[in-house]
Amino acid sequence: MNTQVNLAGVTLKNPVMVASGTFGSGAEYSEFVDLNRLGAVVTKGVANVPWPGNATPRVAEVRSGMLNAIGLQNPGIDVFCQRDLPFLEGYDTKVIVNVCGKTTADYLEVVECLGQEKRVDMLEINISCPNVKEGGIAFGQDPKAVEAITKEVKKHAKQPVIMKLSPNVTDITEMARAAEAGGADVLSLINTLTGMKIDINRQTFALANKTGGMSGPAVHPIAVRMVYQVAQAVKLPIIGMGGIENAEDAIEMILAGATAVSVGTANFYNPMATLEIADGIEDYMKRMHVENVQDLIGAVH
Amino acid sequence: MNTQVNLAGVTLKNPVMVASGTFGSGAEYSEFVDLNRLGAVVTKGVANVPWPGNATPRVAEVRSGMLNAIGLQNPGIDVFCQRDLPFLEGYDTKVIVNVCGKTTADYLEVVECLGQEKRVDMLEINISCPNVKEGGIAFGQDPKAVEAITKEVKKHAKQPVIMKLSPNVTDITEMARAAEAGGADVLSLINTLTGMKIDINRQTFALANKTGGMSGPAVHPIAVRMVYQVAQAVKLPIIGMGGIENAEDAIEMILAGATAVSVGTANFYNPMATLEIADGIEDYMKRMHVENVQDLIGAVH
Amino acid sequence: MAKIQEMATVLEQTILAESVYSMWLATNVAKEAAAGQFVSLYCGEGSRLLPRPISICQIDTDRNAIRLVYRLAGKGTKEFSKLQTDEQVRILGPLGNGFPLEGQHPIVIGGGIGVPPMLELAKQLKQDSTIVLGYRDDQLFLKEQFESYGQVEIATDDGSVGLHGTVVDVLRQKNVTGDVIYACGPKPMLAAVKKFAEEKGIKCYISMEERMACGIGACLGCVCQTKEVDAHSHVHNARVCKDGPVFLAEEVEL
Amino acid sequence: MAKIQEMATVLEQTILAESVYSMWLATNVAKEAAAGQFVSLYCGEGSRLLPRPISICQIDTDRNAIRLVYRLAGKGTKEFSKLQTDEQVRILGPLGNGFPLEGQHPIVIGGGIGVPPMLELAKQLKQDSTIVLGYRDDQLFLKEQFESYGQVEIATDDGSVGLHGTVVDVLRQKNVTGDVIYACGPKPMLAAVKKFAEEKGIKCYISMEERMACGIGACLGCVCQTKEVDAHSHVHNARVCKDGPVFLAEEVEL
Ligand SMILES: Cc1cc2nc3c(=O)[nH]c(=O)nc-3n(C[C@H](O)[C@H](O)[C@H](O)COP(=O)(O)OP(=O)(O)OC[C@H]3O[C@@H](n4cnc5c(N)ncnc54)[C@H](O)[C@@H]3O)c2cc1C
Ligand SMILES: Cc1cc2nc3c(=O)[nH]c(=O)nc-3n(C[C@H](O)[C@H](O)[C@H](O)COP(=O)(O)OP(=O)(O)OC[C@H]3O[C@@H](n4cnc5c(N)ncnc54)[C@H](O)[C@@H]3O)c2cc1C
Ligand SMILES: Cc1cc2nc3c(=O)[nH]c(=O)nc-3n(C[C@H](O)[C@H](O)[C@H](O)COP(=O)(O)O)c2cc1C
Ligand SMILES: Cc1cc2nc3c(=O)[nH]c(=O)nc-3n(C[C@H](O)[C@H](O)[C@H](O)COP(=O)(O)O)c2cc1C
Ligand code: FES
Ligand code: FES
């Protein structure tokens, strides 16, 4: 049985990755999960300088999901390279670094920095964070901006570039095509959907930031739809994510057109989710007599 | 205690309505619910001629929600006026007729027809159905189209006009402002979010139509966010809907800026949901010492 | 037949065959129910919202109880299968129209998980019925009970019991005759039964299945295609949950 | 202190006061736990995904069990309150850092639902502790047990028991002295205790609370503001779940 998949020349041992921001840089979860068994670890978004993020409360529960407004707190690229990357050195898995910034220059600074890091296999450019005032989603809701930043990043990047798309758009295929036109190697989707929760007893917003990004099983059908639409619209490989909590969810995403999948929120309530999903995909392949996981990609269309 | 709310001059005895397409024209649910206790009944979308809708399967379950691709099956405006409206004659509640069409002319034909019906208190114009190829959402994702159709409808309508907005857009406030510019009296939101489900065992789409509209508690945080954003952006009263299953959900929507709320999918799994919500709002008002429900509208901002 | 929404109490749960469960529920639905009607069961798990429609297999008015026989299909039926005596489950019913009781020599046909709804019908027919039951393999269920109500013929897909073939093979090979047919089972079986009935000129009622959301006729989720324009919908669609699940075979497209 | 994720078994559930429950759980978390640490409990209901962090109130290594004392706050705690003996609940723990055992004359302060985590601490201190507990009203809980571990002083918001006022009123009016303070309770109480400690120059540990998603330090959901740049985050934020919940009062902004 062959569970390997290929993302822009990078071979993953299996299609199961983790979603940026839900897994730190792997250290915390390494107590539960053998990182060697993951297709790739995607790190929390990192900027050129440390970001403090938003005020608390930063997380809230909603039905079959959650809202977060972390606001991309991160220690900055220097600490990241000195502390977090060396930790991953010891593992036989691919490392994808998620990059955020307030301006194009911020993104490029991080991308340049990471170009020198051998341990980094790919870059994931977050142009879709709904929780920061500048940067983030502002780059991801306008096709011209998507194409422009993709082009700039590609000019400076040493590693293959994944553009991470926002679901908070009228037409996701327009953004996908813009990223493709800009030279993206891979697309990942979806980032979180903007949501809000109000505490009716305290008559206040559940999150200090008022709005937050919704993730978890509640968003899965929207993610599957968008992955499917993008798979029909562009030729690039897709990393599918949004609400994947078990093998069934992951397989749905692959059948819709994803080459690999990322598991996010599910880690929070089931630290072993990624491994169960990797096992479950193999079980499914056996049951359905599928020799090569690549035969499942986009098989329903 | 005063639970009355006012929508463009129409007074509802309480803010609890039903969402179009989830309650038929009231006949089926009248076995469970005293329709006299509802603020308003909103009927299933009706077109100028009978529509057969989409192939089955038309519904699928997703976590904390469902997908539907009914495709606006309806018996046409003539049968509606002869059969369904007279049924509602006997009840002391407001009647809002949801209108759909493939072309502007279709909408106008229905609107003209309904102008002669005394039992109809308001019109809700569905420019946001994701399940039909022509009409529906096509009118609702472009501000120019929203404004144009609103203007046309307003020219022909005898009753106040509610424009029903789609959440499948980058910026809901843009659509709201366009409807306001077109002369809408009230806005209602949200219609369903486009989603997809794949049956991994049969390797096929769960819905014959491939995509369907997602509704139910899973979409509630997105609906609350959009209601809040629209309440900040326009002066029109808002009917809030999307995933309301209990009084807490309804109150959240009102605090976010909705003047009234519609209950949709919850009717399917709790036929008494609307009455429980109406009671629950009163309990909340007592508990919080709120004399007038209107004092809750947009109270969190 | 007023519809009842309430918490029903499990009286007994047993396993009849591999993945096939039988559950007796104490519920006022029993007071109103007719053969061929169904109920909606709701999950306790709050993320699963839609009803699981299950046909009524037996009605016991003395105990104010109904029996449901169901096959494990997914998460909902799995949840139900774990219910123990005295536990509760939310129910809405009775739903749909049920079978009209007609004819002198009825032919009662059930295939697979379409077998259970025919039991109450066979009981109520009190006629000289021929009962034809189709199963996958030797995991039969309810057969003994049917034997009290008529002449039972069996077909299995793998030939392990009775005739190796389908229920329609039984009808043809055993020259089964009658003046009305009642059938429930998978769509291909219903199509074959319909064709058989047309050939022989026998009136034929079939029970249909479709995905449901409301279960009471409001959402238009569960339609099947009709030959003529339907009186309610004014298009070629009838609601399985309200206008059915039982239809005259000639009226629907299969 | 390895973290354990498993199904814990309810040994006993009792009501201590209005809306305050005590639950003993058999779990291997007991083997690893320290005073001041907490566990994440998970709901059985599939639409509620996030952990409910609950402090460890007592550790019984003999029975391999921990005790949780919690107040009904919403749907999760309501679900837990219905768990009966032998039923199971998913648990992850022990989490966080716990209280360091220091000083000769500790002052142990608990307010409201901040009382329970201080019990195991008071037990382990084995010192001449002064224990100051604040309650809303006469619905006291755990008071008797604290009395085995030191001199107990009570304050209530409504004056129905002990001093009419706050725990800090007790500290001042009774001239409580000591060489280290441990406190858990609502934020305003912690702020007042911190101020008191600063005035008196007493070392002070406080246990913080924040909304959590992962509970293990990965999501950065649960941060509190720190005075200095935090060693892990490199900003003025520390993770309550991992770097806390216990902090030196002077290190955090309240
Ligand atoms: C009128 C009617 C009578 C039925 N009677 C019986 C019976 O007596 N015994 C029995 O075993 N089964 C019966 N079924 C089928 C039964 O409804 C499904 O097997 C059951 O809903 C599956 O639920 P699940 O949660 O286990 O499966 P899942 O696949 O997890 O269910 C997901 C969703 O799909 C729906 N669904 C899945 N399969 C079907 C199906 N075949 N028909 C309709 N909806 C489905 C479920 O209701 C649910 O909303 C009947 C169906 C209908 C329409
Ligand atoms: C480190 C720590 C230790 C705690 N120890 C105890 C204890 O020993 N006894 C006790 O009664 N309570 C304790 N709490 C508070 C307890 O976590 C909440 O009361 C509980 O999570 C409420 O859950 P719910 O589902 O009933 O409420 P809901 O309001 O329905 O919960 C919704 C969401 O908000 C979260 N949430 C709600 N209130 C709080 C809160 N105060 N703190 C953190 N998250 C919250 C829930 O975990 C859940 O994710 C502690 C909190 C923390 C952070
Ligand atoms: C707490 C939290 C933090 C996140 N941080 C980031 C981030 O730093 N960069 C990013 O691109 N996406 C971030 N995301 C989005 C996730 O990577 C993912 O796209 C989204 O959560 C959907 O997947 P899920 O439903 O499996 O969680 C974050 C999500 C959560 C819940
Ligand atoms: C089965 C079904 C049919 C619907 N039909 C219509 C319709 O005819 N016209 C319309 O404007 N909205 C229709 N809707 C959308 C609902 O009115 C409502 O906007 C949406 O379902 C969100 O609310 P909910 O989550 O409470 O269901 C339909 C929704 C469902 C689930
Ligand atoms: S399930 Fe709603 S009409 Fe049949
Ligand atoms: S809850 Fe995730 S870092 Fe603390």
Side-chain angles (χ1 to χ4, degrees), chain A residues 18 21-32 44-45 49-76 78-80 82-84 199 201 206-208 212 215-218 243 245 264-272, chain D residues 1-7 32 40-53 73-76 90-95 187 208-226 229-243 252-254:
Chain A
V18 294
T22 66
F23 209 74
S25 293
E28 288 82 10
Y29 280 99
S30 65
E31 203 174 317
F32 301 96
K44 171 76 185 161
V49 292
W51 287 12
N54 293 321
T56 57
R58 289 178 172 187
V59 293
E61 188 180 66
V62 296
R63 273 154 300 188
S64 293
M66 64 175 284
L67 301 176
N68 91 78
I70 308 296
L72 295 175
Q73 178 185 325
N74 77 88
D78 294 344
V79 174
F80 179 81
Q82 282 151 33
R83 179 184 64 193
D84 298 346
D199 181 327
N201 295 312
L207 298 174
S215 61
E245 66 174 1
T265 303
N267 294 304
F268 299 158
Y269 54 94
N270 178 8
M272 263 79 95
Chain D
M1 287 186 294
K3 296 183 195 75
I4 288 149
Q5 208 236 137
E6 63 177 16
M7 297 304 294
E32 310 278 340
S40 281
L41 287 194
Y42 293 87
C43 294
E45 161 69 72
S47 65
R48 288 198 281 279
L49 304 176
L50 295 187
R52 272 59 184 170
K75 287 178 184 155
R90 201 148 59 80
I91 192 172
L92 172 66
L95 303 175
K187 236 182 195 169
M208 303 278 287
E209 209 178 276
E210 194 43 75
R211 304 283 158 144
M212 297 186 176
C214 71
I216 64 170
C219 76
L220 308 182
C222 67
V223 298
C224 64
Q225 239 185 298
T226 54
V229 167
D230 173 70
H232 176 84
S233 71
H234 287 256
V235 292
H236 289 259
N237 276 338
R239 297 162 298 177
V240 170
C241 71
K242 172 119 181 170
D243 308 314
V252 293
E253 307 281 353
L254 284 171

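Chain naming here is simple, since letters A, B, ... match the order of the sequence lines and numbering starts at 1 in each.
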Atom group of A/N74 that falls short of 4.5 Å from chain D, counting heavy atoms
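The backbone, not the side chain.
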Quick check on A/A60 against chain D: is it the side chain, the backbone, both or neither that has a heavy atom closer than 4.5 Å?
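Backbone only.
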Of all heavy-atom pairs between [X] and [Y], which one has the smallest distance, and what is that distance?
X: D/S233; Y: A/Q73; value: CB-NE2, 3.4 Å
X: D/A231; Y: A/R83; value: O-NH1, 3.8 Å
X: D/G46; Y: A/S64; value: O-OG, 4.3 Å
X: D/G221; Y: A/V59; value: CA-CG1, 4.0 Å
X: A/F23; Y: D/A218; value: C-CB, 4.1 Å

Greatest number of heavy atom pairs closer than 4.5 Å to chain D - which of A/G21, A/A27, A/P52
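Ranked by contacts with chain D, first place is A/P52.
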Would you say the side chain of [Y] lies within less than 4.5 Å of the side chain of [X], judging by non-hydrogen atoms?
X: D/L49; Y: A/M66; value: no
X: D/R52; Y: A/E61; value: yes
X: D/C214; Y: A/E28; value: no

Which residue out of D/E210, D/Q225, D/K242 racks up the most heavy-atom pairs below 4.5 Å with chain A?
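When all of D/E210, D/Q225, D/K242 are compared, D/E210 has the most.
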Heavy-atom pairs under 4.5 Å with chain A: which of D/H236, D/H232, D/E45 has the most?
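So the answer, after comparing D/H236, D/H232, D/E45, is D/H232.
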Counterpart residues, side chain to side chain donor-acceptor pair (under 3.5 Å), relative to D/Q5 (two or more places apart):
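Side chain to side chain donor-acceptor pair (under 3.5 Å) check on D/Q5 returns D/R90.
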Taking atom CG of D/L220 and atom OG1 of A/T56, what is their separation to the nearest 0.5 Å?
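Answer rounded to 0.5 Å: 12.5 Å.
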